[in-house]
Structure formats: C-alpha cells, structure tokens
Amino acid sequence: MKKQPFVSNEQLQEIVKQFPTPFHLYDEKGIRANVQAVRDAFAWNPGFREYFAVKAEPNPFIIQILKEYGCGCDCSSLTELMLSDAVGIRGEQIMFSSNNTPPEEFVFADKLGAVINLDDFTHIDFLEQTIGKIPETISCRYNPGGVYEISNGIMDNPGDAKYGFTKEQLLEGYQLLKEKGAKHFGLHSFLVSNTVTNDYYPALAKTLFELAVEIQQKLGIKLDFINLSGGVGIAYQPDQEPNDIAAIGEGVHKVFDEILVPAGLENTAIYTEMGRFMTGPYGCLVTKAVHEKHTYKDYIGVDACAANLMRPAMYGAYHHITVMGKEDAPCDHKYDVVGSLCENNDKFAVDRMLPEIEKGDYLVIHDTGAHGFAMGYNYNGRLWSAEVLLREDGTAQLIRRAQTPKDYFATFDCFAIYQNIPFSES
Ligand SMILES: *Cc1c(COP(=O)(O)O)cnc(C)c1O
C-alpha cells in the first residue's frame with residue numbers, strides 16, 4: 001500500500017510559512033475518526049473506556065480532543081498526572097499504571113482519585129503505608145512469565161519484563177487487598193508492544209478472562225474491569241496491513257461471550273490504554289533538506305535530528321519518508337537521511353530509496369504521532385521542536401511552541417553567571 005501523508009504539498013507550503021521547520025504536525029480529522037472507530041468497536045461493552053496512554057503524546061490539546069469521545073488518561077508519573085488534571089480528567093477517568101513508583105506519586109494519584117493499578121505485590125503494603133489506606137477501587141498488573149505465543153508465533157518474552165505480579169502473587173494479592181478493605185477490583189496486563197495483527201487483543205483477553213473466572217472461583221471476587229492496556233500497533237511499513245479496530249473489538253466480544261458471560265461475569269467493563277494506535281499515524285515530523293553530502297555513501301542532512309524523533313536511532317525503527325512535491329517521482333536514489341547530532345546513529349533512514357532530493361525540499365517523516373515528540377531529548381543542546389495541529393478546517397494551530405535557548409538554560413538558575421550568558425530568544 002502506498003503511504004500518503006495526511007497533509008498535501010500545497011497545505012504544507014502554507015504551513016511552513018507560518019512555522020519554521022522542524023515541527024511535528026498532527027491531523028485532527030484523523031485523530032477524531034480513529035477515536036470514534038475505537039468507541040464503535042467496543043460499543044457492545046457498556047462500561048468500556050479507553051484510557052489514552054499520555055506518554056505517547058503528552059499534549060493537552062490532543063488529550064482534550066480524545067476527552068470529547070469519553071477517553072480517560074493512563075498516567076505513570078507525577079507530571080503526566082498533572083497534565084491529565086489540567087485537562088480536567090480526574091477521578092476514575094485516570095488509570096495510574098506506574099511501576100517502581102515513588103511514594104509522592106501514589107499520594108498525588110490518590111488525591112486526584114485515580115484508579116491505582118499496582119505493579120507489584122509489595123506495593124500493597126507500600127501503598128497502604130504511603131497513603132494511609134487501601135482505596136476501595138484497586139487494580140493489579142499481571143505478568144504470566146515465559147514467552148507469549150499466539151497463532152502467529154512468539155510475540156514477546158514477558159518472563160524478561162520487569163512488570164507485574166506472578167499468578168501466585170496475584171491470587172494472594174487480591175485476597176490481601178480484600179482483607180484490607182478494597183471493594184472493586186481490576187486486572188491489567190500488557191504483554192506485547194506494537195502488534196500488527198487483529199489477534200493480539202482477543203488472545204490477551206482470553207488469557208485474562210480465564211484468569212478472571214479462576215479468581216472468582218478461588219477467591220469469590222468478581223472483577224469490575226479488565227484492562228487490555230496498550231500494544232495495539234500501527235503499520236509503520238508500507239507493506240504492512242494496518243490493524244482493523246472493528247475486527248479487534250469483535251474478537252474481544254467473542255471471547256467475552258464465550259468465557260465471561262457463562263461465568264456470570266457479563267457486567268465486567270473492558271478498558272484499554274492504547275497510545276500508539278490512538279495517535280501514531282496522525283502525526284508526522286516535517287523537516288527540510290539543508291545539506292547533501294557524497295562520500296562513501298550519499299547523505300541528505302535535514303534540520304531535524306534524533307532529539308526530535310528517537311525511534312530510528314534507538315530501535316532501528318522504520319519511519320516512512322515522503323519527499324513533498326515528489327510523491328510520484330521514481331525512487332531511484334539511495335540515501336541516508338541524517339540529523340546533526342554527533343552520533344552516527346542519528347539517521348532517519350539508512351540506504352533508503354527515495355526520489356532525488358534537492359536542498360530546500362520538505363520531507364515528511366510519517367507516523368510520529370505517538371512516542372515521537374514525546375521521546376525527545378536535549379542531547380548536543382538540540383532543542384525540542386514545536387507541535388502544530390492541522391485543524392479539520394485546514395488551518396494550522398500551534399499547540400506547543402519550540403524550546404528556546406532560554407528554556408534550555410532555565411535549569412541553570414543555580415549558576416548565577418548564567419544571567420550574563422548572552423543568548424538569543426529565537
Ligand atoms: C506504554 C504503555 C501503554 C501504551 O502502549 P502503546 O503501545 O503505545 O499502546 C499503555 N499502558 C502502559 C502501562 C504503558 O506503559
């Protein structure tokens with residue numbers, strides 16, 4: 001399948017007059033259509049809620065759009081909780097799925113009335129000591145260990161993951177939580193990241209639904225909700241078939257009817273904590289070719305770098321690239337597309353076949369709407385880019401300004417001489 005940018009060349013030429021590159025651009029229309037499709041896919045479950053994984057795209061403008069469709073927030077840190085609070089998402093609309101959690105974060109999550117999803121058996125006592133009680137509603141994260149296999153083969157290796165309770169700990173944990181006064185219980189598990197198959201959620205649901213029946217039989221506890229968490233992926237590669245959320249929702253519905261309904265657990269709410277699937281395809285990094293270099297290979301130097309998008313450098317992740325205005329030109333040039341960090345892994349593409357690129361061409365790096373801007377960092381003193389929203393009416397709105405040198409130096413306020421360091425605001 002040919003991957004097309006959500007922005008046309010004509011639109012982009014206007015936007016770059018308003019906002020200098022590089023910037024991440026988001027597609028309001030695409031985000032809205034997708035969150036509606038998620039809602040529709042799980043409409044069979046009256047208690048369904050998507051808790052958007054804030055870490056994927058921590059921008060209040062984007063979260064506000066998702067909120068209109070009933071989404072809550074999945075947070076795992078103090079500032080993510082603050083962001084959720086700022087958007088007016090509080091109480092049971094927050095899922096606090098953290099790990100190795102600092103005590104003050106449990107305190108703040110409790111203050112906001114968030115649902116706390118415990119990552120470890122020892123956190124039962126830790127939470128009780130920290131906030132002085134066990135909340136009435138509480139969730140536990142399950143890790144089945146071993147390798148996780150579905151019909152398509154081995155998916156991942158939960159036995160190596162730092163997250164969650166073992167099964168024995170889980171059964172003991174619910175018992176202990178009940179004794180300590182908990183009344184409403186949830187079960188959570190996140191086993192595989194970025195799955196591109198409609199079978200992952202249904203397979204995970206089967207595992208968790210069977211466990212819910214066992215918990216009911218052994219402990220007499222009826223779970224109020226089952227949280228399938230994240231892991232629903234996107235088609236980064238042009239030859240991948242994107243996930244079909246309607247088929248995924250139907251797949252979960254089928255195992256729900258097979259396992260939970262006969263056990264009398266038909267009132268169980270299904271929760272999700274998707275990040276990547278919610279916003280990933282609806283963001284792109286817009287960057288300009290500023291240099292070309294021909295040595296042992298052919299390089300195109302762009303004005304973005306791994307500090308704006310870390311996935312290629314960190315995981316060798318593929319992000320599709322469109323050279324704007326040359327969408328239909330033959331891909332007959334082999335390039336490394338590089339940023340300016342003093343790190344040889346600062347490459348958005350290696351040996352990529354692209355149309356001939358000239359200095360001044362705009363490149364759209366696809367699928368940066370989740371875990372893109374959010375993973376940015378300041379190595380080499382490189383600053384974070386702006387984030388821009390392409391509104392449904394075709395206008396562009398700044399939803400986060402770019403960092404300035406002043407922001408970069410702000411944490412040196414302890415270094416008095418900083419006041420005298422000349423820097424430009426632009
Ligand atoms: C990262 C994360 C998510 C979101 O994962 P995606 O793969 O982006 O959907 C959900 N829940 C938890 C606890 C996470 O850590």
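On a predicted model such as this, the values are computed, not experimentally measured, just so you know. We count ligands from 1, going down the list as the structure has it; atoms in each ligand are counted the same way. Values below: all heavy atoms of this structure, side chains included; hydrogens, waters and symmetry mates excluded.
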Using distance only, find each side-chain donor-acceptor pair of residues 275-286 under 3.5 Å and give its atom names and separation, not counting sequence neighbours.
from   : atom 1 : to     : atom 2 : distance (Å)
Arg276 : NH1    : Tyr236 : OH     : 2.8
Thr279 : OG1    : Gly369 : O      : 2.9
Tyr282 : OH     : Asn34  : OD1    : 3.3

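Figure legend: cation-pi geometry between Arg32 and Tyr69 absent, as NZ or CZ is not positioned both under 6.0 Å from the six-membered ring centre and within 45° of its axis.
Residues meeting the salt bridge (charged side-chain N to carboxylate O under 4.0 Å, His left out) test with Lys326, sequence neighbours left out: Glu358, Asp361. Qualifying side chain to side chain donor-acceptor pair (under 3.5 Å) partners for Glu343, counting only residues two or more places apart in sequence or in other chains: none.
Looking at heavy atoms from C-beta onward, Arg352 lies out of side-chain contact with Tyr335 at the 4.5 angstrom threshold.
Between the side chains of His371 and Arg311, not a single donor N or O lies within less than 3.5 Å of an accepting N or O.
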What short N/O contacts, under 3.5 Å, does ligand 1 make with the protein, listed by atom pair and distance?
from     : atom 1 : to     : atom 2 : distance (Å)
ligand 1 : 7 (O)  : Gly231 : N      : 3.2
ligand 1 : 8 (O)  : Arg276 : N      : 2.8
ligand 1 : 8 (O)  : His371 : NE2    : 2.7
ligand 1 : 9 (O)  : Gly231 : N      : 3.2
ligand 1 : 9 (O)  : Gly275 : N      : 2.9
ligand 1 : 11 (N) : Asp74  : OD2    : 3.0
ligand 1 : 11 (N) : Ser229 : OG     : 3.3
ligand 1 : 11 (N) : Glu273 : OE1    : 2.7
ligand 1 : 15 (O) : Lys55  : NZ     : 2.7

